[in-house]
2 protein chains.
Amino acid sequence: MKFSTKAEYGLRAMVNLASCFPELKNIKSISQEEKISAKYLERLIGELRERKIVKSLKGKNGGYVLARKPEQITAGEIIEIMDGSMVPKCYGNQCTHMKTCASSFVWIKLGEQIRKTLYGIKLGDLIK
Amino acid sequence: MKFSTKAEYGLRAMVNLASCFPELKNIKSISQEEKISAKYLERLIGELRERKIVKSLKGKNGGYVLARKPEQITAGEIIEIMDGSMVPKCYGNQCTHMKTCASSFVWIKLGEQIRKTLYGIKLGDLIK
DNA sequence: TTAAAGCATACTAAATTAGTAGGATATAAA
DNA sequence: TTTATATCCTACTAATTTAGTATGCTTTAA
């Protein structure tokens, strides 16, 4: 089981913005500090902007700010946006986690725990 | 975050064997019952054999049996073998989850929870 | 002796991931 | 009002991983 670098990059960038909240910071600075390709990061943060995690300001002296306070944004939100669903599914949509499928219990239980864990961690918790 | 079908196939196959434990079952039967490519499954179960989850009996009337009782095999063992490590790491091995890396807390915490959950589920729990 | 099983290895096709490239658009400051 | 600096948008590509095939060898119970 893996997480993509996308989730990791996204989280790191948001933690970075949380650290300077409520100041603006531009892609160039974030990418240098976090050692992530600027162009790639630009796209990732774009997705987080669509989903209202960050706000952007265009033009000179522009950049990004968290759309909410660090205490009001969870790791789960960010990771779910970056990585897609956190609930593993049985293959080919044939199994829709029916009661008759014994092993589906494992994925359901696990999905619950993962959500519980990640939605319980706020950016505010990570910057102390 | 995703699990591969490999982990799912492996788990399903082991649950299947748990259901008929301690009887032998051959690849052909398992693959038909679980609707998984026989040749692919053969390889997957091969890995589980190397790691002592199942025992095999070659030759006519051969097949596979769980190497231990269903109560003594956990979902975590199987999934870890099939899927590799369950602990997500920071990128490029540059970050080794240091205390200075704020976001690494998330992956460490999550890894713990995943392990706790999956190692807490035994095959025996799944076949009732 | 032989048919039925697992064992081993190499190959391939499809999907996903991780980026690049190039420009269009917006805007604050000079 | 011009210009530099930033985000925004879309298409392309390279690398890796996943999922699955193919082929043949080895073992062994009947």
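Lettering of chains follows the sequences in order, A, B, ..., and the numbering in each one begins at 1.
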Chemist: Is Glu42(B) salt-bridged to Lys39(B), cutoff N-O under 4.0 Å?
Modeler: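 Here Glu42(B) pairs with Lys39(B) in a salt bridge, since their nearest N and O are under 4.0 Å apart.
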Chemist: Rounded to whole Å, please give me the gap between CZ in Arg49(B) and P in dA5(C).
Modeler: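 For the pair Arg49(B) CZ and dA5(C) P, the rounded distance is 18 Å.
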Chemist: Asn61(B) side chain N/O closer than 4.0 Å to the phosphate oxygens (OP1, OP2) of dA30(D)?
Modeler: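 Yes, within the criterion.
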Chemist: Starting from C1' on dA29(D), measure out to CG on Leu57(B) and report it in whole angstrom.
Modeler: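 After rounding, the gap between these two atoms is 9 Å.
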Chemist: Do we see a donor-acceptor contact under 3.5 Å between the side chains of Ser19(B) and Asn16(B)?
Modeler: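 No, no side-chain donor-acceptor contact under 3.5 Å.
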Chemist: Can you check each nucleotide of nucleotides 11-20 of chain C against protein heavy atoms at under 4.0 Å and return B for base, S for sugar-phosphate only, - for none, in 5' to 3' order?
Modeler: -----SSBBB
Chemist: Within a strict 4.5 Å, meaning less than it, do heavy atoms of the Lys116(A) and Gln113(B) side chains meet?
Modeler: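 No, their side chains stay 4.5 Å or more apart.
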Chemist: Could you tell me if the side chain of Val15(B) sits less than 4.5 Å from the side chain of Ile127(B), heavy atoms only?
Modeler: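 Ile127(B) vs Val15(B): side chains touch.
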Chemist: Lys60(A) NZ to dT7(D) C1': how many Å, rounded?
Modeler: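 It is 15 Å, rounded to the nearest whole Å.
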Chemist: Send over the distance from Glu8(B) CD to dT18(D) P, rounded to a whole Å.
Modeler: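 After rounding, the gap between these two atoms is 15 Å.
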Chemist: Rounded to whole angstroms, how far apart are CD on Glu47(B) and C1' on dG6(C)?
Modeler: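 Taking atom C1' of dG6(C) as the reference, CD of Glu47(B) is at 15 Å.
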Chemist: Please report the distance, rounded to the nearest Å, between CD in Glu42(A) and C1' in dA21(C).
Modeler: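 Taking CD of Glu42(A) and C1' of dA21(C), I get 11 Å after rounding.
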Chemist: Using whole Å, what does the distance between atom C1' of nucleotide dT7(D) and atom CG of Leu41(A) come to?
Modeler: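 To the nearest whole Å, that distance equals 12 Å.
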Chemist: Say whether, by atom type as modelled, one donor and one acceptor occur between the side chain of Arg12(A) and the main chain of Glu34(A) under 3.5 angstrom.
Modeler: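 Pair found, side chain donor or acceptor close to backbone of Glu34(A).
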Chemist: So what does Ile45(B) touch, heavy atoms closer than 4.0 Å: a base, only the sugar-phosphate, or nothing?
Modeler: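 Since no nucleic acid heavy atom lies under 4.0 Å of Ile45(B), the category is nothing.
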Chemist: Write out all pairs satisfying side chain to side chain donor-acceptor pair (under 3.5 Å) with one or both partners inside residues 57-71 of chain A, taking only residues at least two apart or from two chains.
Modeler: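 Every side chain to side chain donor-acceptor pair (under 3.5 Å) pair that includes a residue of residues 57-71 of chain A, provided the two are not neighbours, is Arg68(A)-Glu77(A).
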Chemist: Which whole-number value in Å describes the distance from Lys58(A) NZ to dT5(D) C1'?
Modeler: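 Rounded to the whole Å, the gap is 12 Å.
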